[in-house]
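Worksheet for the structure shown next.
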Amino acid sequence: MAEAHQAVAFQFTVTPEGIDLQLSRNALKEIYLSGIRAWKKKFNRIKNNFMTGVYPASPSSWIFVVLTVVGTMYTRVDPSMGLIAMLREHIPLRRYMSHHGQSMMSALLFATGLWLALIFVMRQILKTLLSYHGWMFEEHGKVSSTTKVWFTLVKIFSGRKPMLYSFQNSLPRLPVPPVQDTLRRFLESVRPLMNDDDFRRTKALAKDFERNLAPRLQWYLILKSWWASNYVSDWWEEYVYLQGREPIMVNSNYYAMDFLYVTPTTSQAARAGNLVHALLLYRRRLAREQVQPLLIRGVVPMCSNQCENIFNTSRIPGVASDRLQHQVDSKHVMVYHKGRYFKVWLYQSGRLQSPSELQKQFQYILDDTSLPQPGEKYLAALTAGKRIPWAKVRKSYFSTG
């Protein structure tokens with residue numbers, strides 16, 4: 001009950017003398033710090049979205065364009081070829097502004113439009129450059145002159161200090177391969193696995209598919225490629241990943257280890273505290289988009305969309321298909337020890353706990369000699385089994401929390 005009372009911000013009791021109101025300073029402080037942390041995250045998200053939206057440009061480049069346009073006006077040179085004067089005639093509330101104010105406002109609007117147009121042009125040029133794939137097929141250690149020039153142009157138009165998602169709007173669309181190439185590669189891949197009779201039958205089926213069904217399916221793919229930048233990713237996630245009914249523990253799940261060849265300490269709690277703290281620092285950098293995007297050869301950017309689901313994401317089982325549930329934030333980790341589940345809080349007074357503080361919590365779990373609740377130690381077997389039985393059990397017994 002003491003822990004529950006501490007979690008309540010205020011309590012009141014009705015007495016003959018009136019209402020006795022008691023405030024919990026610690027609880028109110030936690031609420032205040034939680035709100036500050038949430039607003040900081042919201043502000044950082046807005047700032048990062050703006051920085052990513054204008055990349056490869058930057059706010060400083062906008063200031064440079066504005067100063068350049070305004071400076072040319074004082075030299076009696078019109079860089080807009082009459083557009084600034086046209087904008088001055090259509091500025092809202094222009095009658096409340098002086099002539100100089102109208103000129104400055106119209107120059108500011110023109111400079112902003114010019115800046116956005118330059119961003120669009122640079123993105124289209126970068127997208128066109130990234131559509132070149134000749135560098136992939138060159139012999140290792142040998143780079144042609146064309147590829148050298150291409151690398152230089154990509155570096156020029158890639159901007160400086162990219163954030164995690166800076167290149168997302170500049171990546172080219174995934175091209176739809178011709179049906180003939182797909183069928184040729186399919187036949188080449190299955191030929192070593194078939195005898196002559198089976199291969200001839202498969203080849204005939206491929207020809208029939210190419211003549212009848214393939215043209216319509218190809219048109220569907222082309223249509224989707226116009227609408228989505230990657231026509232494969234959502235279908236792969238839905239039909240290959242989420243609809244897989246086999247256990248995910250050995251087929252999909254990944255794990256992390258702190259040290260592979262070096263053992264700095266034999267304390268299990270210390271290693272766990274250090275590992276969790278390092279993961280949370282990396283999660284913070286991901287949330288702030290401070291992680292550099294993956295660049296092949298330090299030049300060619302790769303898609304960063306998968307980074308969104310590294311943390312705070314659960315795969316909820318379903319009978320026909322699973323679904324992903326992503327939380328904006330998470331303030332705890334779950335620890336499994338000797339058939340028992342523990343909820344470990346990660347923040348104290350709005351700050352991330354240090355490795356030593358986390359170590360104390362993990363050591364408390366290791367020293368705890370309490371027994372599991374009835375059935376608790378068998379719960380993990382359900383999550384490690386096939387998806388359909390786990391989905392039915394979860395719906396029947398755990399659907400309300």
Side-chain angles (χ1 to χ4, degrees), residues 52-53 55 123-137 150 154 158 162-191 193 202 205-248 250-254 286 289 291-297 299-326 387:
T52 301
Y55 196 84
R123 281 184 178 176
Q124 295 304 312
I125 294 176
L126 182 58
K127 184 178 293 188
T128 303
L129 289 172
L130 294 177
S131 300
Y132 170 74
H133 300 147
W135 62 276
M136 298 182 183
F137 307 101
W150 176 78
V154 171
S158 291
M163 302 176 69
L164 181 61
Y165 302 109
S166 293
F167 291 108
Q168 292 303 113
N169 295 323
S170 300
L171 296 177
R173 298 179 181 274
L174 184 66
V176 179
V179 175
Q180 294 77 9
D181 290 349
T182 302
L183 292 176
R184 176 179 56 81
R185 294 179 181 180
F186 166 72
L187 293 175
E188 289 178 353
S189 63
V190 301
R191 182 63 184 94
L193 307 176
T202 302
L205 291 173
K207 285 291 184 182
D208 180 73
F209 173 79
E210 181 181 357
R211 288 192 302 267
N212 299 316
L213 189 58
R216 184 172 59 180
L217 297 179
Q218 184 76 352
W219 168 247
Y220 290 155
L221 284 182
I222 294 175
L223 186 64
K224 187 181 179 183
S225 69
W226 293 345
W227 179 259
S229 59
N230 191 320
Y231 64 91
V232 174
S233 58
D234 57 337
W235 285 348
W236 186 94
E237 182 179 275
E238 175 66 25
Y239 298 110
V240 179
Y241 180 63
L242 294 178
Q243 288 192 10
R245 304 292 83 194
E246 295 302 314
I248 65 175
V250 296
N251 295 304
S252 298
N253 283 5
Y254 62 90
L286 277 180
E289 300 184 21
V291 178
Q292 293 291 318
L294 178 62
L295 301 176
I296 303 299
R297 294 192 180 182
V299 178
V300 185
M302 304 298 290
C303 182
S304 301
N305 274 341
Q306 292 296 328
C307 295
E308 297 178 357
N309 293 330
I310 293 180
F311 294 99
N312 312 337
T313 304
S314 300
R315 176 172 171 171
I316 309 301
V319 176
S321 176
D322 295 350
R323 61 183 176 87
L324 295 180
Q325 179 176 304
H326 183 77
R387 306 305 290 172

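Positions are given from 1, in the same order as the sequence printed here. When reading the values below, keep in mind they use all heavy atoms of this one structure, side chains included, and skip hydrogens, waters and symmetry mates.
The closest side-chain heavy-atom distance from V299 to W135 is not below 4.5 Å. At a threshold of 4.5 Å between non-hydrogen side-chain atoms, the residues R245 and D322 count as touching. Contact annotation: the side chain of C307 approaches that of L164 to within less than 4.5 Å [non-hydrogen atoms, C-beta and beyond]. The shortest side-chain heavy-atom distance between I222 and Q218 falls under the 4.5 Å cut-off.
Across V232 and N230, no two heavy atoms sit closer than the pair N-OD1, 2.9 Å. Listed here is the closest heavy atom pair of P162 and Q292: O-OE1, 3.4 Å. Across all non-hydrogen atoms, the minimal contact from A214 to V179 is CB-CG1, 3.7 Å. Here the closest heavy-atom approach between residue S252 and residue R315 is recorded as OG-NH1, 4.1 Å. Listed here is the closest heavy atom pair of L129 and W150: O-NE1, 2.5 Å. For the pair F209 and L183, the tightest heavy-atom approach, listed with the atom from each and the gap, is CD2-CD2, 3.9 Å.
Here the CZ atom belonging to R123 is positioned 13.0 Å from the CD1 atom belonging to I125, to the nearest 0.5 angstrom. Put simply, OH on Y241 and CG on N251 are 10.5 Å apart, with the number rounded to the nearest 0.5 Å. In this structure, S321 OG and I316 CD1 are separated by 12.0 Å, a value rounded to the nearest 0.5 Å. Atoms CE and CD1, from M302 and I296 in turn, are 5.0 Å apart once rounded to the nearest 0.5 Å. In this structure, OH in Y239 is found 8.5 Å from CG in D234, a value given to the nearest 0.5 Å. Here L217 contributes atom CG and T182 contributes atom OG1; the two are 11.5 Å apart, rounded to the nearest 0.5 Å.
In the displayed structure, E188 atom CD is contacted under 6.0 Å by more than 12 heavy atoms of other residues, nucleotides or ligands. Surrounding OH of Y220 are at most 12 heavy atoms belonging to other residues, nucleotides or ligands under 6.0 Å away. The 12-atom threshold is exceeded at CZ of R184, counting heavy atoms of other residues, nucleotides or ligands nearer than 6.0 Å.
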Open item on the list: What verdict does the side chain to side chain contact (heavy atoms under 4.5 Å, CB included) test give for V154 and V300, after you've listed the backbone C-alpha separation in whole Å, the side-chain angles of each residue and the deciding distance to 0.1 Å?
Closed with: CA-CA 8 Å; V154 171; V300 185; 5.7 Å; no
- [ ] Would you sort out whether R323 and L242 count as a side chain to side chain contact (heavy atoms under 4.5 Å, CB included), showing the intermediate values?
- [x] CA-CA 7 Å; R323 61 183 176 87; L242 294 178; 5.5 Å; no
Could you go through residues 166-178 and list every donor-acceptor pair under 3.5 Å that involves a side-chain atom there, pairing it with any protein atom two or more places apart or in another chain?
| unit_1 | atom_1 | unit_2 | atom_2 | d |
| --- | --- | --- | --- | --- |
| S166 | OG | M163 | N | 2.7 |
| S166 | OG | M163 | O | 3.4 |
| Q168 | OE1 | S304 | N | 2.9 |
| Q168 | NE2 | N305 | OD1 | 3.3 |
| R173 | NH1 | S225 | O | 3.2 |
| R173 | NH1 | W226 | O | 3.4 |
| R173 | NH1 | A228 | O | 3.3 |

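At least one donor-acceptor pair closer than 3.5 Å links the side chain of Y55 to the backbone N or O of S158. Although no hydrogens or angles enter the test, the distance criterion places a donor-acceptor pair under 3.5 Å between the side chain of T313 and the main chain of F311.
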